[in-house]
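Read through the structure below, which is laid out as structure tokens, and then see the notes.
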Amino acid sequence: MPGTAFPAARPVGVSSSSTMLSPRQGLLRPVGCGVEELRRRRREREAALRRARREQQLVSKRLLRDDTPEEAEGRCVAAVLGEAEIQQFLRLAQRGTEEKEREGALVSLRRGLGHPETQQTFIRLEGSMRTLVGLLTSNQALLQLEAARCLHELSHSEQAEVAEACLPATSYLLTYLAGHSSDLIELCLYTLGNLIVESEAGRRQLLPQGIVPALASCIQSPHLAVLEALGYALSQLLQAKEAPKKIIPSVLASPIPEHMLRLLQPGPKLNSGVAVEFAWCLHYIICSQVNNVLLITHGAVSTLGLLLMYLAGTVQSSEDAGLELLFLLQKHPSLLPEGLWLLNNLTANSPSICTSLLSLDLIKPLLQLLPVSNVVSVLVLTVLCNVAEKGPAYCQHLWPGPLLSSLLDTLAFSDTEVVGQSLELLQLLFLYRPEAAQAFLQQSGLQALKRHEEEAQLQDRVHALQQTALHR
């Protein structure tokens, strides 16, 4: 899947199908596929993969809960609420004689709203959302916070009509982003992120209401929890299909890019959770190709380069292993796929980045990551395909070396996406380094291929590679 930066969602290990030559057609082409044919097939697989990843990501929401052990236990046994109970809790929350009683009523309502059945009953009940929004605008901080938590529960619903019912509250959620309560701001950000993700109507409503300036107001917050929530909400907004035309220009015109890069600056104050969220925001903006010159002017390239060097410096490396840029696994395992995903996009269309990768002796450290997981393996192999695609001079750095033996190992994997990407890399290697095919045969490469001859997704590629190896 080299050759194109992925503007899709985060790696989730989705497999994809592709359109290829049939086995019979492959027999007519004993020397294998040419460069253009390989590129055409990769583009088809990339498009399918982007669609699959985007579809999975767009149903992803987050639920922020900070329950005490007692509340968590109560949530487990909370019953589905009927109309009468919902009305009673709302009435007590509005008109209870004591603040504790009013707050308790909202807590009970929030627990009940964890059930899809209660959510449906709530949105069908006339005046319920109006009452909840009224409580959200209360001048009593505890009631306001509990009302926001109820809305957050509703925003997390998998039922689109439930999330849509929350839209009357969005203007208030935006207003509170400029408030003083970090807990309320964090809650509002996650709620807005949930509402943005799959509701085009919600985005149409939020853009004129000023969601971009409202998000920009949060980016200088001293609270890490607020910044991480902001990164989530912004990344949800930047994934919208209309983002390149209607959203990203406004984001680039705001103070957000400058402060976003500040939050990615390496150093002791770097927070991994915040960094991951804003790295994804930066990724979506860059892939939109709206105005990458502006980001470069703000120092995006140098910031990301220094960040990778800083992260690499946190890892113990041996004298002969070179700069092990990605052994982030020891201290930041969650950043490993993120780092590889970024490296894939950097190498996709940039010979100079590929040259840097080779000059820093990163091939061996990358190969050592192959056993970590299937997701990591696919990303590593994709990066190596990006390098191999650049031509003979680049493939000379890939072979001779440990690459062939590593690929023989990955051909034993059961995951078809890993095997498919290994076949892709071998095809490129044999194309630009024909002598590598003989070494592959001497290392029992054909036997390794035979085990995949009957797999529908791999048959064509296996057969084409067999023919290529035998005729090189």
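Throughout, numbering of the chain's residues begins at 1 and tracks the sequence.
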Electrostatic pair K245-E242, nearest N-O below 4.0 angstrom =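 Result for this pair is no, no salt bridge flagged.
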Would K241 and E200 pass as an ion pair if we require N to O under 4.0 Å?
->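 Looking at K241 and E200, the cut-off is met.
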[X] side chain to [Y] main-chain N or O, any donor-acceptor pair under 3.5 Å?
X    : Y    : value
R110 : R149 : no
S199 : I196 : no
N292 : I286 : yes

Apply side-chain contact (heavy atoms from CB on, under 4.5 Å) to N291 and I248, showing your working.
-> CA-CA 9 Å; N291 190 351; I248 291 176; over 6 Å; no
Rounded at 0.5 Å granularity, tell me how far [atom1] in [X] sits from [atom2] in [Y].
X    : Y    : atom1 : atom2 : answer
S288 : Q239 : OG    : CD    : 12.5 Å
K269 : L224 : NZ    : CG    : 11.0 Å
T191 : E153 : OG1   : CD    : 9.5 Å
L366 : D361 : CG    : CG    : 11.5 Å
L407 : L423 : CG    : CG    : 9.0 Å
C385 : Q421 : SG    : CD    : 4.5 Å

In chain order, what residues pass the side-chain hydrogen bond (donor to acceptor under 3.5 Å, both in side chains) check against [X], with sequence neighbours excluded?
X    : value
S422 : T410
Q396 : none
E161 : Q120
S350 : S352

What pairs with [X] under side-chain contact (heavy atoms from CB on, under 4.5 Å), at least two apart in sequence or on another chain?
X    : answer
S138 : Q140, L143
P213 : none
T118 : V80, L81, I86, L113, H115
A436 : W399, L429, F430, R433

Can you find a heavy atom in the side chain of [X] that is under 4.5 Å from one in the side chain of [Y]?
X    : Y    : value
L370 : V418 : no
L132 : L154 : yes
H152 : L63  : yes
N271 : L263 : no
L295 : V301 : no
V107 : E146 : yes
L384 : L403 : yes
V251 : V290 : no

Can you name the ring pair (Phe, Tyr, Trp, His ring centres under 6.0 Å) partners of F278, sequence neighbours left out?
->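 Listed in chain order: nothing, the list is empty.
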Return the set of residues passing ring pair (Phe, Tyr, Trp, His ring centres under 6.0 Å) with F122 (not counting sequence neighbours), or none when no residue passes.
->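 In terms of ring pair (Phe, Tyr, Trp, His ring centres under 6.0 Å), with neighbours along the sequence ignored, F122 is linked to no residue.
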Return a table of donor-acceptor pairs under 3.5 angstrom between the side chains of residues 169-179 and protein atoms on other chains or two or more places apart.
residue, atom, partner, partner atom, Å
T170, OG1, L167, O, 2.8
T170, OG1, Q205, NE2, 2.8
T170, OG1, Q209, OE1, 3.2
T175, OG1, S171, O, 2.9
Y176, OH, L136, O, 3.1
Y176, OH, Q144, NE2, 3.2

Kindly determine whether Y232 and N194 satisfy side-chain contact (heavy atoms from CB on, under 4.5 Å), including the steps that lead there.
-> CA-CA 9 Å; Y232 165 72; N194 289 343; 2.8 Å; yes
Which atom of [X] lies closest to which atom of [Y], heavy atoms considered:
X    : Y    : answer
E164 : A201 : OE1-CB, 3.8 Å
S377 : F413 : OG-CE2, 3.6 Å
S155 : A163 : O-CB, 4.3 Å
L428 : A388 : CB-CB, 4.0 Å
A233 : L215 : CB-CD2, 4.4 Å
P351 : K390 : N-CE, 4.1 Å

Applying ring-ring contact (aromatic ring centres under 6.0 Å, His included), which residue pairs with at least one partner in residues 239-260 are found, sequence neighbours left out?
->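 Listed by first then second residue: nothing to list.
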Test side-chain contact (heavy atoms from CB on, under 4.5 Å) on L195 and C166 and set out the steps.
-> CA-CA 8 Å; L195 296 177; C166 299; 3.9 Å; yes
Would you say the side-chain atoms of E186 and Y190 include a donor-acceptor pair closer than 3.5 Å?
->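 Result is no, nothing qualifies.
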Taking atom types as modelled, find out whether N386 and Y394 have a side-chain donor-acceptor pair closer than 3.5 angstrom.
->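 No, no side-chain donor-acceptor pair sits under 3.5 Å.
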side-chain contact (heavy atoms from CB on, under 4.5 Å) evaluation trace for L230 with S221 = CA-CA 10 Å; L230 169 62; S221 172; over 6 Å; no
